[in-house]
Amino acid sequence: GGRTRGMVTSVSEEELGSLCEEIHRLMRVMWSGKWAVVTPHTVLTAIWHHIPTFRGYCQQDAQEFLCELLDRLHSELLQCPSEVTINISHPSRDIVAAREIIPSLFQGTLS
């Protein structure tokens with residue numbers, strides 16, 4: 001395969017995981033502190049695969065990209081069993097269901 005331990009390298013679409021999995025792998029490598037340089041080719045490939053609107057190197061709208069990315073991540077996380085939780089630092093709670101993490105962190109509320 002295209003992966004090496006600790007470094008994020010290019011992979012074929014057959015080896016590609018979900019967008020959540022690829023972002024998780026990238027974050028683990030970045031936060032490990034073992035590497036001075038991290039090249040996120042697999043995340044880019046995953047974005048191109050899962051959000052084809054953003055395929056290629058043309059300039060794109062950042063707000064539209066963020067909305068599409070969060071929507072895709074939320075769609076993938078909705079497939080998690082309801083008992084899967086994530087520990088967070090949030091003023092109102094410390095634990096949130098994985099399937100609710102995107103709305104919990106990024107949706108506003110009207111008061």
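The shortest distance between side-chain heavy atoms of Asp61 and Phe54 does not fall below 4.5 Å. Using a 4.5 Å heavy-atom threshold, the side chains of Ile86 and Ile95 count as separate.
One finds the CD1 atom of Ile47 at 4.0 Å from the CZ atom of Phe65 (value rounded to the nearest 0.5 Å). Distance NE2/His50 to CD/Glu68: 14.0 Å, rounded to 0.5 Å. The structure places NE2 of His24 at 11.0 Å from CG of Leu26, a figure rounded to the nearest 0.5 Å. Taking SG of Cys80 as the reference point, atom CD of Glu100 lies at 11.0 Å (rounded to 0.5 Å). Remark: His74 NE2 to Ser104 OG distance equals 9.5 Å, nearest 0.5 Å. Remark: Cys20 SG to Ile102 CD1 distance equals 7.0 Å, nearest 0.5 Å.
Annotation for Thr53 and Gln60: closest pair O-NE2, 3.6 Å, computed over non-hydrogen atoms.
A distance-only check finds no donor-acceptor pair linking the side chain of Trp35 to the backbone of Met30 [under 3.5 Å]. A donor-acceptor pair under 3.5 Å is absent between the side-chain atoms of Glu22 and the main chain of Thr42, judged by distance alone. With Thr39 contributing its side chain and His41 its backbone, the two residues share no donor-acceptor pair below 3.5 Å. A side-chain donor-acceptor contact under 3.5 Å links Arg55 to the backbone of Trp48.
Ion pairing between Arg72 and Glu76 holds under the 4.0 Å rule for side-chain N and carboxylate O.
Within a 6.0 Å sphere centred on CD of Glu83, heavy atoms belonging to other residues, nucleotides or ligands number more than 12.
Residue Leu78 is not grouped with residue Leu73 when hydrophobic side chains (ILVMFWY) are merged at heavy-atom distances under 4.5 angstrom, including chains of intermediate members.
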Report task. Check the pair Leu69 / Leu19 against side-chain contact (heavy atoms from CB on, under 4.5 Å), numbers first and verdict last. Result -> CA-CA 9 Å; Leu69 177 66; Leu19 192 52; 3.5 Å; yes
